[in-house]
Structures are given as structure tokens and as C-alpha cells.
Peer 1: 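Take a look at the following structure, please.
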2 protein chains.
Amino acid sequence: MKTYREYCALAQALDVVGERWTLLIVRELLIQGACRYTDLRNGLPGIATNLLAERLREMEKAGLVSREDAPPPVATTLFRLTKRGEELKPVVEALGRWGGPLVARPIADEEFRSHWLALPIELHLTDNAPHEPPITIEVRTGGEPMLVETVDGRVRARPGSSDHPNAVVSGTASQLLGLLTGKIDLAEARRRGAKFEGDPKALDRVQPRP
Amino acid sequence: MKTYREYCALAQALDVVGERWTLLIVRELLIQGACRYTDLRNGLPGIATNLLAERLREMEKAGLVSREDAPPPVATTLFRLTKRGEELKPVVEALGRWGGPLVARPIADEEFRSHWLALPIELHLTDNAPHEPPITIEVRTGGEPMLVETVDGRVRARPGSSDHPNAVVSGTASQLLGLLTGKIDLAEARRRGAKFEGDPKALDRVQPRP
DNA sequence: CAGCATCCGCTTTGATACTG
DNA sequence: CAGTATCAAAGCGGATGCTG
């Protein structure tokens, strides 16, 4: 990217992360941790492969990303955020918060990956009873299932499933997003076609209090 | 900008504000309030005039900016952030904070406008004695002077000068930035060529406490 | 198959000139 | 002052091919 050539922290930040795709690559690495090239491509529908390679090189040079060889038997390259790269989390969160209203609607003709739910979940959900025993909700939509867990008074989301979750929800991305962020209640979510099994109190536990 | 077509708040936010120049236009309007076209051009060195016009049109359509005719006798068009546009402040602050380390060095061959100091000043400075009478520091560098004031326990910065400031500092952008954000002390700033007149306690009042 | 590099057509940007 | 018009250069997207 052509630099703005301004002595201004904002402009210099944009010189580094303002190019197309860069912050979405950061999103993938924040959510998924260390990623293979192919994992990144799957999480970034529409990116041209040469652009992904170029961005990763630039981000490595800028100190945002490090490249490491996975130990045998995997023997593949892993990309990981550096400390400096992780520090972009507040930027991603601020943008995600601002963009929240833009996805408060049914999903249109857009791509979706279930692990993207991790962002709004960790942004909007809270543990309303941090001293109770932890709970787990399994969230199923589209591809891989996600686990929503209370831990240390925070709500965490990660790919995976559980043998004994307190509840299991499934539905479209917008149904689950609306339900989890408390924009709609369980009855409304069911009316719209979402499925919920297990303890409704688990949902109350993490939905943001109005 | 081509949209990412992802059902993700971050991607949708970037669809709106991710294009080149857009967040810098937001910076100008956040710092300066309502601006004429020419004011914006002056605060965005290097922008092509057709791009500025195009971005303003897009931002108006996206609901970030409104256009109003200034009352006589000025009779010019003013651009102003809408409520939705103002809500980008946390995004600009997060990026500015992340970019801070990138300008913790002498100014190189880069453009600088004194009003850009408002961002780091309001971001890093605090009123360390909110119950004392308010103070004012005049900051002179490059073009127009800036005023740094304590008000309601916060530190505010705006273009302008004062008849009886508690102190007046002048120097290069990097000297003033280093001094105000407490990265260097007064003696060091003077050693590097900055001038300071008035009450050194005014500086102590607002420099961030380590 | 994972991890790219190359090529090509299209879009966006930047610089300059010009206008009501 | 507040833009529009024009055009070259750079960036992007898509397809394809190469290498360990």
C-alpha cells in the first residue's frame, strides 16, 4: 500500500493494517490461533491466493505475524499472531462493535463461517453468575460446531463440541446471533426456526442483561 | 470498494469504512467538527480532489456524514459527522492507540498538521488534579496553535490561542508529542530544542502518571 | 495436497487540468 | 470554493501452473 506519509498515529496504523484483507486475516488468527495457509483461505472466502501470500509476507515484515514449522508428524507451516499482532484485538473489537447493527438482520446472499460467531459472542455475552459452576452451550450452524463456555467470569467461544453440554442450539447464523446476543428471546428464536435443547437457564446465564 | 460479502460485523464495518482515506476523513471531522471541502483537503495532504469528493458522497450515502449549507454570510457547504459517524470515535481511538509506538520517534519526511495533536492529547493526557482550578496550555508547532485545557476532569484539545495561558510550549511535532505524552520530561525536551514558558506545574497537571 | 508464483483483465487510485 | 474530467499507474480478482 502506498503510505499516507503523515506524522499521525492513526495514519501510520492504517499504513500497516489498512490494506484490503489485512484486518480480516487478523480476525482469523485471533479466533483460530495458529493457522495453516489453507485454514486461512477457508476463513477468507473470496481472497485471491496470491493476495493472501502477499499479505502474509507484508504482515510478517511488519511484525504482526510469525511463521513457524509445525512439529512432526504434521509438518506444515503455521501462521501465528505476534504480541504486536494480538494487540490489534481492541481495534477488531471496536470495528466489530460498530459493525454490529449492520448484521442485525437476516443473513442475505453472503458467506458465513461458524467460527466467526466467536467475535460477537465474546464481545456481547457476559457471565451473569460468575460464582455458579461453569456451563457450556454447543452452537450448531453451517459448518463446524462451536462451544460457548463460561470461564473466569468471562464467556469464551471456540470451535469444538461437548459430550455433555448444558444446552445445544442450532439454526441459521442470524437466528443464533440474535438469540445469543439477546436481541430476540428463546420463544422468538424458536418461532423463526431455531432449535434449542437443554437447560434454558444456561442461555439466561450468558445473554447480555438489558 | 468491492464488498467482502461476509455475514460478519467486522467485514461489514470494513465494507463501509475500510476504503483508503475514509477513516482519515473521519479523523478530520472528529477533530475539527464541521468542515468545508477546503479544510478537509488541507487536513488530508496528498488526497486527490476527485477521491475526496467521491468519498464524501459515499460517506453521505452510508449515513456517516451530512452536508449542510452554512448560513449567510459564509454561504459555503459544511460537512459534519452524523451520530453514526461520531460513533466511529472508539475505532479511531483504538487504531490511534495501536499506532502510537509508530510515531514515538523524530518526525521524518512526513506531513504534519498541528490539529492532529488533538488525537494523542485527548487519548493519553489526564487531569491529575480535577478539583483544582482549570488550566490552559498553548501549544505552538508548524501551523495554527492548539489549546490544551482541563475541563470536567478531562483534557481537551482544540485549535486556538489564549491571552493568559498557564504555559506555552513550542517545538517540533515529535518534541511536543514526547513532552505532552510524558515520554520525555521538560529538561529533555528543552535539551532537544523545545521552548517552554510559564508554570511547569501546568505540565505536571496533564502529563500521564507513569 | 499445501503453499505459493505468474499472467491477464478489470477496478481503484493519484496527478493534473479545468469549470461554474 | 467546491468540485468534475481525464488518463496513466497501481492494486485487485480469477484462473492456472509449478514445486516439495
Side-chain angles (χ1 to χ4, degrees), chain A residues 1-6 11 14-25 28-29 32 34-62 65-80 109-111, chain B residues 1-6 11 14-25 28-29 32 34-62 65-80 109-111:
Chain A
M1 174 187 262
K2 192 168 196 288
T3 153
Y4 288 111
R5 293 206 13 191
E6 293 184 4
L14 289 172
D15 281 342
V16 180
V17 300
E19 270 182 318
R20 194 159 163 76
W21 294 109
T22 304
L23 279 176
L24 294 188
I25 296 174
E28 289 302 304
L29 293 168
Q32 309 211 47
C35 281
R36 294 175 304 167
Y37 190 86
T38 310
D39 299 330
L40 288 171
R41 279 189 55 166
N42 284 329
L44 298 164
I47 196 172
T49 174
N50 57 341
L51 269 193
L52 177 53
E54 188 179 329
R55 288 290 176 276
L56 286 170
R57 243 180 288 125
E58 292 165 352
M59 292 169 75
E60 197 180 355
K61 198 155 64 180
V65 157
S66 68
R67 188 183 299 248
E68 60 191 62
D69 293 335
V74 196
T76 181
T77 314
L78 287 183
F79 298 91
R80 183 191 301 275
D109 180 27
E110 298 156 303
E111 296 283 344
Chain B
M1 173 187 262
K2 191 167 197 289
T3 153
Y4 288 112
R5 290 204 17 187
E6 292 185 2
L14 289 173
D15 281 342
V16 179
V17 301
E19 271 180 316
R20 194 158 163 77
W21 294 109
T22 303
L23 279 176
L24 294 189
I25 296 174
E28 289 303 304
L29 293 169
Q32 309 213 45
C35 279
R36 294 174 304 170
Y37 190 87
T38 310
D39 299 330
L40 288 171
R41 279 189 55 166
N42 284 330
L44 298 165
I47 195 172
T49 173
N50 57 344
L51 267 193
L52 177 53
E54 187 179 329
R55 288 289 176 276
L56 286 170
R57 244 180 285 126
E58 293 165 352
M59 293 169 76
E60 199 180 353
K61 197 155 64 180
V65 158
S66 68
R67 188 184 299 249
E68 61 192 60
D69 294 334
V74 196
T76 181
T77 313
L78 288 182
F79 297 91
R80 182 191 301 276
D109 178 27
E110 299 156 301
E111 297 283 345

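Within every chain, numbering begins at 1; the chains are lettered A, B, ... in the order of the sequence lines, protein sequences first and strands thereafter.
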Peer 1: Can you see if the side chain of A:Arg67 gets near the phosphate of C:dG3 - specifically, an N or O under 4.0 Å from OP1 or OP2?
Peer 2: no
Peer 1: Do we get A:Arg67 above A:Tyr37's six-membered ring, with its NZ or CZ under 6.0 Å from the centre and within 45° of the axis?
Peer 2: no
Peer 1: Reading nucleotides 15-20 of chain D from the 5' end, what letters show protein touch, with B for base, S for backbone sugar-phosphate only, - for no heavy atom under 4.0 Å?
Peer 2: -B----
Peer 1: I want to check one thing: is the phosphate of C:dC1, taken as OP1 and OP2, less than 4.0 Å away from some side-chain N or O of A:Arg36?
Peer 2: no
Peer 1: What is the bend of the helix from C:dC1-D:dG20 to C:dG20-D:dC1 when you compare the axis at one end with the axis at the other, using five pairs each and rounding to 10°?
Peer 2: 30°
Peer 1: Atom pairs under 3.5 Å, N or O on each side, protein against nucleotides 18-20 of chain C: can you list them with distances?
Peer 2:
none

Peer 1: To the side chain of B:Arg41, which of C:dC4, D:dC1, D:dG3 is closest?
Peer 2: D:dG3
Peer 1: Can you tell me if A:Trp21 touches the phosphate of D:dC12, counting only side-chain N or O atoms and a distance under 4.0 Å to OP1 or OP2?
Peer 2: no
Peer 1: If you check every side-chain atom of A:Arg20, which of C:dG14, D:dG13, D:dG3 has the closest atom?
Peer 2: D:dG13
Peer 1: Main chain of A:Arg20, side chain of A:Arg55: is a donor-acceptor contact present, judged purely on distance under 3.5 Å?
Peer 2: yes
Peer 1: For the side chain of A:Thr76, counting heavy atoms from C-beta on, which of C:dG14, C:dG3, D:dG3 is nearest?
Peer 2: C:dG3
Peer 1: Would you tell me if any nitrogen or oxygen in the side chain of A:Arg57 comes within less than 4.0 Å of OP1 or OP2 on C:dA5?
Peer 2: yes
Peer 1: Can you tell me which nucleotide in C:dG14, D:dG13, C:dC4 comes closest to the side chain of A:Phe79?
Peer 2: C:dC4
